[in-house]
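This report concerns only the one structure given below.
Remember, it's a predicted structure, so these values are computed and weren't measured experimentally.
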Amino acid sequence: MKKRKILVFLPCYNEELNITDLIKEWNKQEERLKKRGFDLEIFGINDCSKDKTKEKILDMTKKYKNVHLIDHKENKGLVGGLNTAIENFIKLSKKGDFMVLMDGDNTHNPKYIFSMLDKIEEGYDCVIASRYCPSSEVVGVAKHRVFMSDMAGVYYKIMLHVPNVRDYTCGYRIYSNEIINKLVENFGKNPIKEKSFACMMELLYKLYLSGAKFSEVGFELRYDNKKGESKMKVLKTMYNSVRVGFNLRRKGKKLMINEKNNK
């Protein structure tokens with residue numbers, strides 16, 4: 001019987017110091033994933049990095065047969081990385097396969113894929129590695145940023161109240177083939193529009209409008225593993241998140257109808 005696949009997409013911009021270690025960590029999980037019936041494929045999405053990110057990913061393609069480079073010819077930002085991942089996942093996957101997205105900065109550990117798969121096998125469409133589970137821990141983040149993140153999480157829950165979701169913005173998630181196809185059916189090619197980091201919240205909410213069932217697992221967010229400067233502008237990100245949350249709530253299901261008509 002042919003194995004199912006887990007396709008991992010790692011959007012990267014100037015991650016030469018982090019992407020090699022992250023890909024290696026993913027391949028440490030390969031044998032255990034095979035025992036659970038999954039083949040592992042890893043895609044580094046280089047978003048016109050100005051450093052040696054592309055070269056680092058290419059080095060990994062020579063070392064591992066399951067590593068592949070997707071090279072943007074123009075900088076598209078995180079939203080472009082999401083839409084590229086969605087487009088390639090639909091082309092390369094079949095029913096029963098799963099897509100994993102995570103940050104390319106090595107702050108997320110691939111080992112949590114197994115608890116996420118446990119939840120998927122309970123019938124969920126999307127499982128989030130959440131900062132707000134009892135077992136979760138955040139390491140290496142300044143207290144004021146943790147506080148702002150917590151307050152933003154409260155705001156999203158009030159505005160969007162997606163069942164079983166507390167962490168609306170963490171990039172570490174697993175998605176079923178079926179729900180990603182429903183997302184594109186409902187919202188068309190390049191379904192995510194928001195250009196700020198709030199695009200992760202937009203993706204989650206549009207999946208909810210597409211009928212997704214969500215669950216969360218605890219994990220350890222390790223900012224102390226990240227090498228190099230953060231690319232997130234905190235105040236701008238907060239403003240955009242508030243704006244996007246309000247707009248998504250206000251438009252609600254009309255958003256789906258409008259997007260369908262504009263395909």
Side-chain angles (χ1 to χ4, degrees), residues 6-30 40-89 92 99-113 129 131 138-142 145 149 169-173 190 192-203 219-238 240-241:
I6 291 178
L7 290 80
V8 178
F9 293 90
L10 308 172
C12 301
Y13 179 72
N14 292 348
E15 297 293 357
E16 66 174 354
L17 300 177
N18 301 299
I19 191 61
T20 297
D21 289 342
L22 180 57
I23 290 173
K24 287 180 178 178
E25 283 297 321
W26 264 110
N27 269 303
K28 287 180 183 179
Q29 318 305 322
E30 185 179 23
L40 175 66
E41 299 288 338
I42 303 167
F43 299 83
I45 304 173
N46 176 49
D47 193 33
C48 286
S49 298
K50 296 178 181 179
D51 63 3
K52 295 182 179 179
T53 297
K54 179 178 178 179
E55 289 80 359
K56 296 291 184 181
I57 297 172
L58 283 172
D59 287 344
M60 291 293 98
T61 66
K62 296 170 185 174
K63 184 174 182 179
Y64 301 107
K65 292 182 179 179
N66 66 343
V67 177
H68 315 276
L69 170 69
I70 299 175
D71 193 31
H72 284 171
K73 300 307 178 186
E74 61 183 55
N75 183 269
K76 299 180 180 181
L78 180 57
V79 62
L82 297 186
N83 285 323
T84 292
I86 290 166
E87 179 183 3
N88 281 273
F89 178 67
L92 299 171
M99 176 174 78
V100 173
L101 277 168
M102 65 156 54
D103 298 350
D105 60 5
N106 202 30
T107 58
H108 302 155
N109 194 307
K111 68 182 181 181
Y112 296 100
I113 186 61
R131 294 163 289 181
V138 177
V139 180
V141 181
R145 286 190 60 175
S149 177
T169 57
C170 182
Y172 190 179
R173 304 172 185 164
N190 298 326
I192 311 306
K193 310 300 181 185
E194 174 57 40
K195 294 181 180 180
S196 73
F197 281 89
C199 60
M200 293 305 304
M201 181 172 57
E202 180 190 0
L203 172 57
F219 85 121
E220 191 176 52
L221 178 62
R222 296 296 301 263
Y223 263 88
D224 57 333
N225 287 341
K226 177 181 172 63
K227 300 172 184 174
E229 295 181 0
S230 173
K231 302 170 188 68
M232 181 182 290
K233 297 179 180 178
V234 177
L235 292 178
K236 185 176 181 181
T237 298
M238 287 185 64
N240 286 326
S241 295

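The closest donor-acceptor contact from the side chain of Lys52 to the backbone of Ser49 lies at 3.5 Å or more, if one exists at all. No donor-acceptor pair under 3.5 Å is formed between the side chain of Asn66 and the backbone N or O of Ile42. Not a single donor-acceptor pair under 3.5 Å links the side chain of Tyr13 to the backbone N or O of Lys76. Put simply, the side chain of Glu30 never gets that close to the backbone of Trp26: no donor and acceptor are under 3.5 Å apart.
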**OP:** Before giving the answer on side-chain contact (heavy atoms from CB on, under 4.5 Å), spell out for Ile86 and Met99 the whole-Å C-alpha distance, their side-chain angles and the decisive distance to 0.1 Å.
**Re:** CA-CA 8 Å; Ile86 290 166; Met99 176 174 78; 4.2 Å; yes
Original post:
Where do Lys63 and Lys24 land on the side-chain contact (heavy atoms from CB on, under 4.5 Å) test, with the steps shown first?
Top reply: CA-CA 10 Å; Lys63 184 174 182 179; Lys24 287 180 178 178; 3.8 Å; yes
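Judged purely by distance below 3.5 Å, without hydrogens or angles, the side chains of Asp105 and Asn18 never pair a donor atom with an acceptor atom.
Closest heavy-atom contact between Ile19 and Cys12: CD1-SG, 3.5 Å. A pairwise comparison of heavy atoms in Ala129 and Cys170 identifies O-SG, 3.1 Å as the closest pair. What you find for Met102 and Leu22 is that their closest heavy atoms are SD-CD1, 3.6 Å. The two atoms that bring Leu203 and Leu101 nearest to each other are CD2-CD1, 4.4 Å, heavy atoms only. The two residues Leu58 and Thr61 come nearest to each other via the heavy atoms O-OG1, 2.6 Å. Residues Glu15 and Asp51 approach most closely at N-OD2, 3.5 Å, considering heavy atoms.
Atoms OG1 and CZ, on Thr169 and Phe197 in that order, are 10.5 Å from each other to the nearest 0.5 Å. Interatomic distance, Ile70 CD1 to Asn88 CG, rounded to the nearest 0.5 Å: 4.0 Å. Between Glu220 atom CD and His108 atom NE2 the span is 12.0 Å, to the nearest 0.5 Å. Taken to the nearest 0.5 Å, the OG1 atom of Thr84 stands 8.0 Å off from the CG atom of Asp47. To the nearest 0.5 Å, the span separating CZ on Phe219 from CD1 on Ile113 amounts to 12.5 Å. For the atom pair CE of Met60 and CD1 of Ile23, the computed distance is 6.5 Å after rounding to the nearest 0.5 Å.
A 4.5 Å side-chain heavy-atom check between Met201 and Glu194 finds every atom pair outside the cut-off. The shortest distance between side-chain heavy atoms of Asn109 and Arg222 does not fall below 4.5 Å.
Phe89 and Phe9 have perpendicular rings, their planes meeting at more than 60° on a 0 to 90° scale where under 30° would count as parallel.
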